[in-house]
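Submitted below is the structure of interest, expressed as structure tokens.
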2 protein chains.
Amino acid sequence: MKSKSTSPAEALPGRPSHCPIHFALETFGDAWTLLIVRDLMFKERSTYTDFLRAGEGIATNILADRLARLGRAGIITRERAGDRPGSHYRLTPKGIDLLPILLEIIAWSAKYDPDTAAPRAFVRRVHRERAALGREIRRALRGRKQSATKEMNS
Amino acid sequence: MKSKSTSPAEALPGRPSHCPIHFALETFGDAWTLLIVRDLMFKERSTYTDFLRAGEGIATNILADRLARLGRAGIITRERAGDRPGSHYRLTPKGIDLLPILLEIIAWSAKYDPDTAAPRAFVRRVHRERAALGREIRRALRGRKQSATKEMNS
DNA sequence: CCGCTATGCTTGCTTTTTACAAGTAGCCAT
DNA sequence: ATGGCTACTTGTAAAAAGCAAGCATAGCGG
């Protein structure tokens, strides 16, 4: 009775634990969700096929599921472009607030993955001027707002 | 050819993407791994049965799998207590370095979960004096090396 | 020394989720 | 009107998670 959903990201055994770590994992505690957020935040990817071609090889049904879930969680919104074919997805403020988490993840991986693809300059900025870096990225994300103008979401 | 392993946390479709987000998700991109890290970091839990009783209801085989995986990833070590029954698990420096990520997750969840169980004072410290808070927790973790004696809870 | 209990797992089986391959629907251009 | 592109949905098989038992070892009590 507690779950109508089918997946781990939305239903760790559905217990009412309000531990903050648990709460977060209900939203993005799976292998794909944060990759979509990453694409929206750091790469210029914002359409369905952008995500599909992102390189890690997500399956189409999983992608559709995760996008719907992120929408329901209030982390992304979908804009249907009136003229162009294809929807664009965008991070909401709640989604943009995942930025500090991603920055820490990047710092950790840069430290422990000997073959990391994280640019050195970027990692240095994470350590030395995180606040400024954060503001810059947030500004860039907001700037992307106007491209298709129409808002339409579930 | 691409995978010998069996799980999402260890094998996002095994591609050689060295994207730092991807790298991190290979290690802890599932619903349970970070809960174990949380138990080791913020709660006093360090034994197999401690984790089992942690409240979220992890299955025993999954727990065994995640502990083995965390060990292989160099995030925890196991100490067999010579006299006491039961092994104790402990975070390595690599594991302790996950702290900033967890702190940001806690901050995010505290902001967006209206029923969060995160203590206000703790969240305030995350925002206002993260460095000092980090040092304090690290010190406490190192202090636990000898055996379970200290307090420190969320 | 023998059985009892507690801890730390492993094994077998069922249910749920993911992966993979197709197929469909809407839009627009030619 | 048809062909191609984008954004999905559907069907099915493989993989992982959930669940309930079982088993091994260590310590102790008698």
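Chain A is the first sequence line, chain B the second, and so forth, proteins listed ahead of strands; every chain is numbered from 1.
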query = Between C:dT17 atom C1' and B:Ile62 atom CD1, what is the distance in whole Å?
reply =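 The distance from CD1 of B:Ile62 to C1' of C:dT17 comes to 12 Å, rounded to the nearest Å.
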ask   = Taking atom C1' of D:dA7 as reference, at what distance in whole Å does atom CD1 of A:Ile36 sit?
value =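 Atom-to-atom, A:Ile36 to D:dA7, this comes out as 14 Å.
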message = Can you give me the closest heavy-atom contact between B:Ser17 and B:His22, atom names plus distance?
response =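 Result for this residue pair: O-ND1, 3.5 Å.
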task = Mind calculating the distance between CZ (A:Arg66) and C1' (D:dC8) to the nearest angstrom?
result =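 About 16 Å, once rounded to whole Å.
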query = Distance-only, no hydrogens or angles: does the A:Ser46 side chain make a donor-acceptor pair with backbone N or O of A:Tyr89 under 3.5 Å?
reply =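 Not a single qualifying donor-acceptor pair exists.
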ask   = Thinking salt bridges, do A:Arg66 and A:Asp30 make one under a 4.0 Å N-O criterion?
value =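 Salt bridge present between A:Arg66 and A:Asp30.
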message = Can you measure B:Glu56 atom CD to D:dA17 atom C1' for me and round it to whole angstrom units?
response =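 Rounded to whole Å, this separation is 16 Å.
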ask   = Judged by modelled atom types alone, do B:Thr47 and B:Asp50 share a side-chain donor-acceptor pair under 3.5 Å?
value =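 B:Thr47 vs B:Asp50: donor-acceptor pair found between side chains.
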query = Atom CZ of B:Arg45 and atom C1' of C:dT7: how far apart are they, to the nearest Å?
reply =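 Atom-to-atom, B:Arg45 to C:dT7, this comes out as 17 Å.
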Nucleotide N/O to protein N/O under 3.5 Å, stretch nucleotides 9-15 of chain C:
from   : atom 1 : to      : atom 2 : distance (Å)
C:dC9  : OP1    : B:Arg78 : NH1    : 2.8
C:dC9  : OP2    : B:Tyr89 : OH     : 2.4
C:dT10 : O4     : B:Thr60 : OG1    : 2.8

Whole angstrom value for the distance that separates C1' of D:dA7 from CD1 of A:Ile76 =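 So the CD1-C1' distance, A:Ile76 to D:dA7, works out to 14 Å.
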Side chain A:Thr33, main chain A:Phe28, donor-acceptor under 3.5 Å =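 No; judged by distance alone, with no hydrogens or angles, the pair does not exist.
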task = Starting at atom CH2 of B:Trp32, determine the distance to atom P of D:dA17, rounded to an integer number of angstrom.
result =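 Value for this atom pair: 10 Å.
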query = Can you name the salt bridge (charged side-chain N to carboxylate O under 4.0 Å, His left out) partners of B:Asp39, sequence neighbours left out?
reply =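 B:Asp39: salt bridge (charged side-chain N to carboxylate O under 4.0 Å, His left out) contacts with B:Arg45.
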query = Does A:Thr49 put a side-chain nitrogen or oxygen below 4.0 Å from OP1 or OP2 of D:dA7?
reply =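 Answer is yes, contact under 4.0 Å.
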ask   = Between atom CG in B:Leu63 and atom P in D:dA20, what is the gap in whole Å?
value =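 My rounded result for the distance is 17 Å.
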ask   = Counting just side-chain N and O atoms, does B:Arg53 come under 4.0 Å of either OP1 or OP2 of C:dT7?
value =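 For B:Arg53, the contact criterion (side-chain N or O under 4.0 Å from OP1 or OP2 of C:dT7) is met.
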